[in-house]
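Report on one structure; see the data block that follows.
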Number of protein chains: 2
Amino acid sequence: MSTRRTDGSGTGRRDRRPTIVDVAAEAGVSKSLVSLALRGDDRVGEAARERILTAAERLGYRSNTLARSLVQGRTMILGVLLTDLANPYHTEVVAGVEESADAEGFTVLLAHGQRDRHRLGRQLESLLQLNVDGVVVISSWLEPDALTEAARRAPVVMVGRPTAFSPGVDTVANDDEAGARAAVLHLAELGHERIAHLSGTGRPASRARGEGYRATMRELGLGGRAVVRPIGDDPHQRARAAAELLESARPSAVLAVNDLAALALLDQAHASRVPVPEGLSVVGYDNTALAETVRPRLTSVDQPRLVMGRLAVRLLLERMGGRTGDRHEVLAPRLVVRASTGPASTGPLAAAPDTAAQGRADGSGPQA
Amino acid sequence: MSTRRTDGSGTGRRDRRPTIVDVAAEAGVSKSLVSLALRGDDRVGEAARERILTAAERLGYRSNTLARSLVQGRTMILGVLLTDLANPYHTEVVAGVEESADAEGFTVLLAHGQRDRHRLGRQLESLLQLNVDGVVVISSWLEPDALTEAARRAPVVMVGRPTAFSPGVDTVANDDEAGARAAVLHLAELGHERIAHLSGTGRPASRARGEGYRATMRELGLGGRAVVRPIGDDPHQRARAAAELLESARPSAVLAVNDLAALALLDQAHASRVPVPEGLSVVGYDNTALAETVRPRLTSVDQPRLVMGRLAVRLLLERMGGRTGDRHEVLAPRLVVRASTGPASTGPLAAAPDTAAQGRADGSGPQA
DNA sequence: CTGAAAGCGCTAACAC
DNA sequence: GTGTTAGCGCTTTCAG
């Protein structure tokens, strides 16, 4: 593209977009003075500044960020890497990140992994190549080593991973064990004993939730009744796992690893004509917007997603400011009770949900 | 040559990350040869190439994209600007964009408008500043002028806007009028006459759907019965609009402007104890993943979102290739019938939905 | 085949 | 106060 045509006609349509040099020529000053004036440096005379500004305006000049970033060594861009745009938990954390980043003058750009581990790695690489000033990773799918490696190139904070897996990487998480515990205690208080867990697939956060579930069941003397069924990552697998869990374990209550899983349970219950919460109580995790959308409204363990996003940005800024030690923030989850959980019924309803389903359920359950 | 410290120690931890010059020194060749070798140019000797590659490896060298982009004048990045991460329609188009972009060697970065017009404009500016090679806009919120202006700086394609509002901007859309028509015809065939429309808020796509609805109602001789209620943009407004429409117009069927609006209708119907589809038929638009998640499964007008995303990328590439005329692609929508639509009932159920609701049902309180 | 030199557009020390 | 001079890290002619 070495078309050197100095076509100064009308609106600078295509060709070469105007540079700082063009502005300087137009205003009759030097290149660097333009640079200063444009950024409002106060050691530029009023007259000169005026001329420069109008010249820039007339030429339709826009500064080239790439060039600036190259010389300054920073882009003022924060990258967010996320596994799955379809998971509201992820996108709600993003809102917090964006809020803080905006306030600090950073631009937020998202890279999306499409639930594909390889793609996720490539996207991370892309962000780093772009020389973003920091990366927020909302995904447990990346290998700890890959993160540590990334952290050598730019500040990285991982949201959702509970503990220190990757040296050099800060983390922001909620206390998954405590959250699971609160959920189980809530169900136990309602009189449930056959409390099952529709678990994640072994990544750190879901593992911790599973641990919390198990530990609390033991604590309650219900250790023998604990049932854990892992769930898949796509909607179809979720549906199957939910169906199988309800079918085989016949729980009176289920703690789901997240709201998406809880949704699958509600759907299966509906399909089997098991009324919720009369015949089955369901607790979700994350308290995403979903929880207030589904019917019945979902009892769910809230993670402070906005706060987590904001905190992630703060940690990034601290790193940029020179901090070298790792930090791991753990926030307290909070159980939000809605309509999907209710008292355990002792009648045949709970004991054999399918029987009840056939048998014309008149809401005769214990309606405290 | 101002090489002051040839520190070839272990892992290059922080400090200055290695540049092409460092690699050249390490390999004992010149800077430009390294550049060639690294990109696999075939006019580099086998021996030299080998030395260079290992040197780069040893130093942990990664090329600086910023510098490359600056000199080449392109970034190999495609920007996607979207209004609302929470709307699955948007994110499903993104999947198509990413698929094609990947195949062509482009990286896709997303910028998010947070349902805020100003923010949307700023984000567009950020993408352009970054010198992305093209922008896909999935949002009708931007002013046509802003888009035309943007198109002067980089190829821009707008997804979802039905016609040519912004000169210089290509568009990819579905035929909204045809889609609305198919939906209304479907309902009419089921015997519905009191078919209402829960409409959008006047942006082009929703306006076209409204047009299609009205025209088809007239065509069917039902013009006098047409009822249109606009809906808001956030969940709360949606709920209210849905409630008011059902309450005031008492339709036996509703065409919603999109799946989110349809969801609000289903929720309100449930709250009022109107069974769907027996007491009310609902048709959504977009056929997002939501349609297969809600209960009952939603009849919805499908837009080929993946194809639209792919097409958007193709149009971008064509522009980069030098095309100057605008192109406007219009794809055919397709009605997908599921469980939320059924025959019109002539009984009292449909005639007076609130009677059924008011019937002071059993005391089970916790319904929203 | 290889290497030196000239920038891409901008910023930031440093003289004038 | 204002302008000059070096680069940021990379690609890309153009001589050797």
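Chain identifiers are assigned alphabetically (A, B, ...) following the order of the sequence lines, protein sequences preceding nucleic acid strands; residue numbering begins at 1 within each chain.
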(request) Please round to 10 degrees the angle between the axis of the first five pairs and the axis of the last five pairs in the helix from C:dC1-D:dG16 to C:dC16-D:dG1. (result) 50°

(request) Please indicate whether B:R314 has more than 12 foreign heavy atoms, meaning atoms of other residues, nucleotides or ligands, lying under 6.0 Å from its CZ. (result) no

Spacing of [X] atom [atom1] relative to [N] atom [atom2], expressed in whole Å:
| X | N | atom1 | atom2 | value |
| --- | --- | --- | --- | --- |
| B:R17 | D:dC10 | CZ | C1' | 12 Å |
| A:L66 | C:dT11 | CG | C1' | 15 Å |
| A:L70 | D:dT11 | CG | C1' | 13 Å |
| A:N64 | C:dC10 | CG | C1' | 8 Å |
| B:M76 | D:dC10 | CE | C1' | 16 Å |
| A:R74 | C:dT11 | CZ | C1' | 11 Å |
| B:R51 | C:dG3 | CZ | C1' | 14 Å |
| A:Y61 | C:dG9 | OH | C1' | 7 Å |

Looking at every strand, decide which applies to [X] at a 4.0 Å heavy-atom threshold: base, sugar-phosphate, or nothing.
| X | result |
| --- | --- |
| B:T65 | nothing |
| A:V21 | nothing |
| A:S69 | nothing |

(request) Answer yes or no: does a side-chain N or O of B:Q72 lie under 4.0 Å from OP1 or OP2 of C:dC8? (result) no

(message) Filter on salt bridge (Lys or Arg N to Asp or Glu O under 4.0 Å), then keep only pairs touching residues 64-74 of chain A, sequence neighbours left out; what's left?
(response) none

(message) With salt bridge (Lys or Arg N to Asp or Glu O under 4.0 Å) as the rule and sequence neighbours excluded, what pairs involving residues 132-147 of chain B come up?
(response) B:R117-B:E143

(message) Please give me every residue in residues 27-39 of chain A whose heavy atoms get under 4.0 Å of an atom in DNA chain C, ordered by residue number.
(response) A:K31, A:S32, A:S35, A:R39

(message) Any carboxylate oxygen within less than 4.0 angstrom of a Lys/Arg side-chain nitrogen, looking at A:R152 and A:E149?
(response) yes

Qualifying residues under side-chain hydrogen bond (donor to acceptor under 3.5 Å, both in side chains), relative to [X], sequence neighbours excluded:
| X | answer |
| --- | --- |
| A:T91 | none |
| A:S139 | A:T83 |
| B:S30 | B:S32 |

(request) Counting heavy atoms from C-beta on, name the nucleotide in D:dC10, C:dT11, C:dT2 closest to the side chain of A:I20. (result) C:dT11

(request) Can you sort out the partners of A:R323 under salt bridge (charged side-chain N to carboxylate O under 4.0 Å, His left out), two or more places apart, ordered by chain and number? (result) A:D170, A:E318

(request) Could you list the residues that satisfy salt bridge (charged side-chain N to carboxylate O under 4.0 Å, His left out) with A:D326, not counting sequence neighbours? (result) A:R319

